[in-house]
Amino acid sequence: MELPKAYEPQKTEDKIYQLWEKSDFFSPEANQSRADNPNKNKTYTIVIPPPNVTGSLHMGHALNAVIQDILIRKKRMEGFRTLWVPGTDHAGIATQNVVEKNLKKEGKTRFDLGREKFLELVWQWKEEYGNIILNQFKKIGASCDWSRARFTMDKDYAKAVETAFLHYHEKGWIYQGKRVVNWCPRCATSLSDLELEHQEEKSHLWYIQYPLALRQAQGDDNFIIVATTRPETMLGDTAIAVDPHDKRYKKLIGQKVIVPLVNREIEIIADELVDEEFGTGAVKVTPAHDLTDYEIGQKHNLAIIQVIDEKGKITKEAPLPYQDMKVKEAREKIVEDLKAQGLLEKIEDYTHQVPKCYRCAAGIELLPSLQWFLKMSELAKLAIKAVGEGKVKFIPKNFEKIYLDWLYNIKDWCISRQIWWGHKIPIKGTDDVLDTWFSSALWPLAVLGWPQKTDDLKTFYPTQTLVTARDIINLWVARMVFSGLEFSGKEPFQDVIITPTVLTKEGKRMSKSLGTGIDPLNLIEKYGADATRFGIAFQLMGGQDMKFTEDNIVMGRKFCNKLWNASRFVLMKISETDKTPDVNEKTSGVKGFGEGFRKSLIMEKLDRTIKSVNKDLDNYQFGQAAHTLYDFFWHDFCDQFLERTKDKKDGQTKAILLHTLLTSLKLLHPFVPFITEEIYQQLPIENKKKCLMIEKWPE
RNA sequence: GGGCGGUUAGCUCAGCGGUAGAGCACUGCAUUCACAUUGCAGGGGUCAUAGGUUCAAAUCCUAUACCGCCCACCA
C-alpha cells in the first residue's frame, strides 16, 4: 500500500474516529478481546467534568480531554475494562443567563414569559447546543463511551438529586432560615460564597460624624466618627461598635448617637470583632447588609433593618428621599447630603476587593433572605478524612491544602437559588431551585445510575481518576467527595489530577470577552488533532500554569510527519522481500533472527523507553513521557538506527524495524491516536487486532 | 491580610548539589536516496537580586524585588 508523502490529518481523522466508533471499543463491554489479559476483571473509570451546556471547547477543555484520553487509552490497552463517561451540566445560572440575554434582544425578560414558557426555551437551547461541545471532544479524539452520556437534568439524574436532598432532610441537615446571604441583583438570586469573584476596586473611605444624642461636657467632642466604604448602608445602621479595649471610646460605650439623615437613635456598643487599628476604630453596624455586622447584631440583639432590596434598590425602610434609588445613586446623594450638613469629616482613597457574581460580574449585595441551607459540619469531616487518610490524593499534592483549608473553615451551604432553570427543591411551597453544584456533587454516582442499584454502579463505582481544574477544587471536587462517602460509603475517586491553567503567551488568563482565547478547534483544523494533542502533552511538565504557545503544536505536527515518514520507510523496506518478519508481542517472540535481535542497541534503548514511559505515566508525568517518546523515536530510531539500515536487507534488521515501529506506535497511541491507528492499519503483522486501540500495551 | 506557584538561551519550558539542556526561532553547509513539516554542524545564558550553608549551588537555606493564582467579614 502506498502512503502519501506527507501525513494529512484532515483526510484521516474522521475516518479513523468512525472506525473506532463502529468497533464499539469505547464501551467496556467490547474491549476485552484478549484471552491472556491479566487485567480483564479490573475496571478503570473516569467521569468527565461535565462542561456547561452554554459553552464551546476552549483550551482548558482540550487540555482536560487530552489527559483523560491518554489515561483511558493506556488502561484500555493494558486490558482494563475501561469506561470514560461523558456528559454535560445544566449549569443553572449560567445557562439561564444566556437564554435571558437572547430574550433581551427581543426586549423581553423571563418574567414576561412566565416560568413554564421560559423553561421551554431553555430546554430548546439545551437540545440545540447541549451536545455541541461533546461533539468537539470527538474532534480531539476523546474515546468516551457516548452511549452512556448523561445530562445533569436527565430524568434519572433528577431522581438522584431528589433522593440526596430528602436524605439530608431526614437527617435534619437541611433547614430553612432567614440569613444574610450573597445576592446578585442582576441574576436575582442568592449565591454561595464560592460563587463570588473578588475584584479589586478603587474606591474611598468616607469618614462620617454621628452626633451624640446627649451633649458631652465642655471640651469633649459631641460626635463619634466612623469610617466606611459603604455610606449608603448607614440608612440601616442599628449601632456603632468599638473595640472594648479601645481607650479612646471607653466612656462613650453605652451612649446614644443619632444616625445622620435618618435621625434614628442607636447605641455605641463594644465588640471584640472591631479592630481598633482600622479607620477611626469605630464602625457603623448594619446587620442587614454585612456579615460581620450581622454577627455583632446577633450578639447584641440589634434590629435588622433592610434598606437594600433584591433589585439593588433602596427600600421603604429608608427615608423617603432615598427610596427606590439604586445603590450607587443613593451613595452619591448620601455623600452630598452629609457634606451639606457638615457631617463628612474627610474622604480617603481606598482600594479594596469587592465581591462580584461569578456568572454575570454584577456587584454582590449582602441582604437578609429566606433560604435553604445544608449543614456542613459532618459532611466536611467525611471529606477531610478521605484526604487525611490518603484515600483521595491530589496531584500535585499541594492542592490538598486548598481543599483542607476550605473544609476546616466550612460554613453551611446555601443550596437554594431564586432562578428557574434547575432542580426544584422537592418540598411543597417552594419555587426555589437547587444550587447547580448540588447536582454536580452527585456526578460520579448519578451517571452510573445511583440511587438505583444498577450493574454500572456496581461495576464502575468508585471511579479511579478525576482530571479537573483547580478553580473548582472546593466548588466541585470537595462536594463530590463528601457526597460519594455519604451516599455510598466510598470515595468517588482515588486520584485527583489538577491540570495547569492555560494562560496566554503573555501570562494572562484566556478570556472570550478579552479576545485572548485560543480556539483548539482552529488548531485541530490547522495542524490536526494529533499535533494539537502532542503539543499540549509535550508542555505538561507539572507547572501550575501553562503559557500556551502555538510553537508546541508546530512541533507536534512535525513529529507526526516524522512518524508518518518513518513508517513509510519501514513499510518500503519490508516489502523488499516477500517474507514478512514474524513480529509478536514480545521481543523474544521474534523467531529466527538470533540473539543479535535482543542485544542490539536500538532494542536496549526501546526497552529503556518503555520502562521510562510507563513510570512517567504511572506518576501522571505526561510531558516527560512525551519528551521521552519524542527523543527515542526521532533521534534514536530515525536519526541513528534507521539511517544505518539503509544498505541492509537482512531479515533481522527488518524484524527490528517492524518491531520497534509497532512498539512505538503502541506507546504513542494514547498521545497521537489517529495517526498511530492509521499506520497500524497498514502494518503487515501477524495476529493483528482490529484496532491499535486494543493492542497490548508494552511493559 | 494569609497561602501557593513562578522568575534558566530571542520565545515556551526541562534540569533541582558535581563542568548549563529541549522545542520553536536564528546562522552555515548538505540534499531529489522515508521525511524541506529533512539531515549535519553552529551561534546564543554571569540560571531575578543580595546574603548564607558546602570542597562544590541554577539546584539547599534566609531575605528582597517583580509576575500569576487561590483564600479572607478589616468596616
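Chain A is the first sequence line, chain B the second, and so forth, proteins listed ahead of strands; every chain is numbered from 1.
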Test side chain to side chain donor-acceptor pair (under 3.5 Å), reference T233(A), set H289(A), K284(A), R331(A), output is K284(A)
Regarding the side chain of K505(A), the nearest nucleotide among rG68(B), rG39(B), rU12(B) is rU12(B)
In whole angstrom, give me the gap between the C1' atoms of rU46(B) and rG42(B).
22 Å
- For rG45(B) versus rG21(B), give the span between their C1' atoms, rounded off to a whole number of Å. 11 Å
| task | Name the orientation class of the two ring planes belonging to F534(A) and F671(A) (parallel below 30°, tilted from 30 to 60°, perpendicular beyond 60°). | result | perpendicular
Under 4.0 Å, counting only non-hydrogen atoms across every strand here, what does R470(A) touch: a base, just sugar-phosphate, or nothing? sugar-phosphate
Between rC71(B) and rA14(B), how far apart are the two C1' atoms, rounded to whole Å?
31 Å
Side-chain atoms of K401(A) come closest, of rG39(B), rG3(B), rU12(B), to rG3(B)
_Sugar-phosphate only, base, or nothing, as touched by N409(A) at under 4.0 Å among non-hydrogen atoms_ = nothing
Distance between P atoms of rC67(B) and rG52(B) (Å, rounded)
28 Å
Note: for Y350(A) and D193(A) on RNA chain B, the residue whose nearest nucleotide lies more 5' is D193(A)
Judged by nearest nucleotide, the residue sitting upstream toward the 5' end of RNA chain B, D471(A) or Y7(A), is Y7(A)
### Query
Salt bridge or not for K526(A) and D519(A), using N-O below 4.0 Å?
no
D551(A) has its side chain closest, among rA34(B), rG68(B), rC24(B), to rC24(B)
Taken to the nearest whole Å, CG/N552(A) to P/rG23(B) is 12 Å
note: M555(A), atom CE; rA25(B), atom P; distance rounded to Å ~ 12 Å
Polar side-chain contact K646(A)-rC33(B) base: donor and acceptor under 3.5 Å: no
Ranking rA34(B), rU12(B), rC73(B) by distance to the side chain of K562(A), first place goes to rA34(B)
In whole angstroms, the gap separating C1' of rC74(B) from NE2 of H198(A) amounts to 14 Å
*Give me the ring orientation class for F559(A) and W634(A): parallel if the planes are under 30° apart, tilted from 30 to 60°, perpendicular past 60°.*
parallel
**Nearest-Å distance once atom P is located in both rC55(B) and rA22(B)** = 33 Å
Check: Got S567(A) and L661(A) here, is their nearest side-chain heavy-atom distance under 4.5 Å?
Finding: yes
Between rC73(B) and rA63(B), how far apart are the two C1' atoms, rounded to whole Å? 32 Å
To the nearest angstrom, the CG-C1' distance between L404(A) and rG3(B) comes to 13 Å
For RNA chain B, the expected dot-bracket line (Watson-Crick or G-U under 3.5 Å, [ ] crossing, | inter-strand) is ((((((((.[[[[.)..(..]]]].(((((.......))))).....[[[[[..)....]]]]])))))))....
Here the distance between atom P of rA75(B) and atom CG of L273(A), to the nearest Å, is 14 Å
Between H204(A) and the options T351(A), T228(A), D349(A), T229(A), the side chain to side chain donor-acceptor pair (under 3.5 Å) test singles out D349(A)
Side chain to side chain contact (heavy atoms under 4.5 Å, CB included) test vs L665(A) passes for just one of L683(A), I675(A), T660(A), V672(A), namely L683(A)
Of the listed rG23(B), rC11(B), rC35(B), the closest approach to the F538(A) side chain comes from rG23(B)
Quiz item: If you take atom types as modelled and just measure distance, does the side chain of E277(A) reach the base of rA75(B) with a donor-acceptor pair under 3.5 Å?
Solution: no
Closest to the side chain of N398(A), out of rG23(B), rU37(B), rC4(B), is rC4(B)
Give D275(A) one of three labels, base, sugar-phosphate or nothing, depending on what nucleic acid heavy atoms sit under 4.0 Å from its own.
base
In whole angstroms, the gap separating C1' of rC69(B) from NZ of K547(A) amounts to 13 Å
Fill in: Inter-nucleotide P distance (rA58(B), rG2(B)), Å rounded
31 Å
From CG of L642(A) across to C1' of rU38(B) the rounded distance in Å is 13 Å
Against the side chain of K508(A), the closest entry in rU12(B), rG68(B), rG39(B) is rG68(B)
From the candidates rA75(B), rC73(B), rC35(B), the one with an atom nearest any side-chain atom of H352(A) is rA75(B)
Between CZ of F559(A) and P of rC24(B) the distance, given in whole Å, is 12 Å
Among the nucleotides rU38(B), rG23(B), rG5(B), whichever has the atom closest to the side chain of Q544(A) is rG5(B)
Fill in: Nearest-angstrom distance, P atom, rG17(B) to rU12(B)
26 Å
Should the heavy atoms of other residues, nucleotides or ligands under 6.0 Å from NZ of K299(A) be counted, would the total exceed 12? yes
Regarding the side chain of H635(A), the nearest nucleotide among rA75(B), rG23(B), rA34(B) is rG23(B)
Yes or no on side-chain contact (heavy atoms from CB on, under 4.5 Å) for K573(A) and L642(A), after CA distance, side-chain angles and deciding distance?
CA-CA 10 Å; K573(A) 200 78 190 161; L642(A) 210 140; over 6 Å; no
Ionic contact status for E365(A) with R230(A), cut-off 4.0 Å
yes
